[in-house]
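Below: the structure, in structure tokens.
The first residue in the sequence is number 1, and the count goes up from there.
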Amino acid sequence: MSLDNIRIVLVNTSHPGNIGAVARAMKNMCVSDLALVAPKKFPHDEATWRASNATDVLDSATVFDSLEEAIADCGLVIGTSARGRRIPWPLLDPRHCAKQAYGEAAKHKVALVFGREDRGLTNEELQLCNLHVNIPANEEYSSLNLAMAVQVLCYELRMTALDGELSGNPLEEWDQPPATADALERYMVHLEETLLELGFLKADAPKQLMTRLRRLYTRARPDEMEVNILRGILTSTQYQIRQHKGVESVADENGAA
């Protein structure tokens with residue numbers, strides 16, 4: 001199986017040379033789908049120079065304004081994380097990440113997301129990911145440049161592809177494809193709107209509730225039909241809320257009369 005369904009996503013890259021170096025690392029390992037989210041400088045001569053003979057990867061790279069757009073059509077999104085989080089997310093090492101990604105790439109697109117050179121991905125960006133991956137580098141000197149991090153994960157992908165090892169893909173025999181990142185994001189927006197209408201979520205309250213709910217749904221990874229069912233439930237809930245408010249409003253008017 002090829003690695004054509006694996007997408008490398010770079011978020012807000014500052015130095016164009018790093019983009020070129022990433023393209024080279026990708027081509028070394030037969031990965032070709034590069035997505036750039038709001039790069040500071042691209043296209044750029046330094047990116048072309050650093051890419052060496054991998055300029056075809058640069059030329060076919062797609063530029064997006066937001067991470068949401070870059071991963072919208074992906075069934076699995078894995079974000080790179082260098083540190084622990086207040087609310088932990090399912091975490092993989094590079095080898096298990098490669099097996100999971102390669103196994104699912106037979107069915108749908110998979111995104112591996114890398115953050116900024118100086119501070120990685122924000123908490124909000126990591127919350128858009130189903131899983132996180134951490135490279136277990138030397139704790140006393142754990143700093144990896146962007147191209148090195150991409151090379152590590154692409155190498156593991158290449159080795160998994162050469163071995164032909166599928167990771168016991170739990171979705172292989174599933175009757176519906178997993179919901180895309182875009183579909184799940186639209187569900188989360190719908191859920192928040194409904195919880196606000198219901199009064200369960202307070203607009204001025206801390207947002208940890210939605211973070212925990214987001215973790216629940218990204219971990220569960222509902223399929224397309226399940227998301228449609230869940231959104232149908234939310235729509236019916238909103239209808240009942242609005243009907244009830246309408247009855248109260250009429251009762252108030254009658255009482256005032």
Side-chain angles (χ1 to χ4, degrees), residues 6-14 35-39 64-94 96-97 100-101 104 108-136 144 146 149-150 153 170-171 177-198 200-224 226-228 230-231 233-234:
I6 302 291
R7 177 177 300 159
I8 300 299
V9 182
L10 307 184
V11 177
N12 209 201
T13 310
S14 298
L36 306 173
V37 177
F64 296 91
D65 292 328
S66 68
L67 178 57
E68 288 88 344
E69 293 173 321
I71 63 174
D73 60 342
C74 296
L76 173 64
V77 182
I78 303 176
T80 52
S81 177
R83 59 189 184 278
R85 303 282 158 177
R86 181 180 178 186
I87 298 178
W89 230 255
L91 185 66
L92 303 173
D93 61 39
H96 288 92
C97 169
Q100 180 91 22
E104 295 201 22
H108 47 254
K109 291 188 180 298
V110 175
L112 302 182
V113 185
F114 297 80
R116 301 153 189 81
E117 294 96 329
D118 57 344
R119 55 192 175 91
L121 296 167
T122 66
N123 286 336
E124 290 76 16
E125 289 162 346
L126 282 166
Q127 288 170 18
L128 296 174
C129 305
N130 302 106
L131 305 168
H132 295 169
V133 58
N134 175 260
I135 298 173
L144 295 173
L146 183 58
V150 172
L153 294 190
L171 300 180
T180 63
D182 179 60
L184 191 57
E185 185 60 27
R186 285 187 281 112
Y187 169 73
M188 293 304 302
V189 171
H190 195 175
L191 176 62
E192 184 169 3
E193 290 173 350
T194 306
L195 293 179
L196 284 168
E197 284 192 51
L198 192 60
F200 185 80
L201 177 65
K202 306 299 182 184
D204 57 349
K207 296 181 179 180
Q208 195 175 58
L209 171 64
M210 289 309 301
T211 298
R212 290 188 178 278
L213 287 173
R214 182 179 290 276
R215 180 178 65 172
L216 168 64
Y217 286 108
T218 54
R219 185 175 75 243
R221 301 186 60 201
D223 63 36
E224 287 182 354
E226 289 167 341
V227 166
N228 288 337
L230 289 170
R231 292 201 66 178
I233 293 171
L234 294 181

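Taken from CG in Leu36 to CG in Asp65, the straight-line distance is 12.0 Å, to the nearest 0.5 Å. Remark: Ser66 OG to Ile71 CD1 distance equals 8.5 Å, nearest 0.5 Å. To the nearest 0.5 Å, atoms CG (Leu91) and NE2 (His96) are separated by 11.5 Å. Here the CD atom belonging to Glu192 is positioned 12.0 Å from the CG atom belonging to Leu234, to the nearest 0.5 angstrom. Taken to the nearest 0.5 Å, the CE atom of Met188 stands 8.5 Å off from the OG1 atom of Thr211. Distance check: Glu68 CD to Arg186 CZ gives 13.0 Å after rounding to the nearest 0.5 Å.
A donor-acceptor contact shorter than 3.5 Å is absent between the side chain of Asp223 and the backbone of Ala179. A donor-acceptor pair under 3.5 Å is absent between the side-chain atoms of Arg215 and the main chain of Trp89, judged by distance alone. Judged by distance alone, with hydrogens and angles left aside, the side-chain atoms of Thr180 form no donor-acceptor pair with the main-chain N or O of Cys74 at under 3.5 Å. Remark: the backbone N or O of Ala38 is paired with a side-chain donor or acceptor of Asn12 at under 3.5 angstrom. Of the possible donor and acceptor atoms, none in the side chain of Glu185 sits under 3.5 Å from a partner among the backbone N and O of Leu128. Using a distance-only test at 3.5 Å, with no hydrogens or angles considered, no donor-acceptor pair links the side chain of Arg7 to the main chain of Val77.
Under the 4.5 Å side-chain criterion, counting only non-hydrogen atoms from C-beta, Thr80 is in contact with Leu153. Looking only at side-chain heavy atoms (C-beta outward), Leu195 and Leu213 come within less than 4.5 Å of each other.
Between Ala101 and Leu76 the shortest heavy-atom distance is CA-CD2, 4.2 Å. Closest approach of Glu224 to Pro178, counting heavy atoms only: CG-O, 3.9 Å. Between Gly79 and Leu121, the shortest heavy-atom distance links the atoms CA-CD1, 4.2 Å. Closest of all the heavy-atom pairs between His132 and Leu126 is NE2-O, 3.1 Å. Listed here is the closest heavy atom pair of Pro222 and Leu184: CG-CD1, 4.0 Å. Nearest heavy atoms, Ile78 versus Cys97: CD1-SG, 3.8 Å.
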Can Val9 and Phe64 be said to form a side chain to side chain contact (heavy atoms under 4.5 Å, CB included), step by step? CA-CA 10 Å; Val9 182; Phe64 296 91; over 6 Å; no

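Listed by chain and number, the residues in a salt bridge (charged side-chain N to carboxylate O under 4.0 Å, His left out) with Glu226 amount to none (sequence neighbours excluded). Glu125 meets the salt bridge (charged side-chain N to carboxylate O under 4.0 Å, His left out) test with Arg116; sequence neighbours excluded. With sequence neighbours excluded, the residues forming a ring-ring contact (aromatic ring centres under 6.0 Å, His included) with Tyr187 are Tyr217, listed by chain and number.
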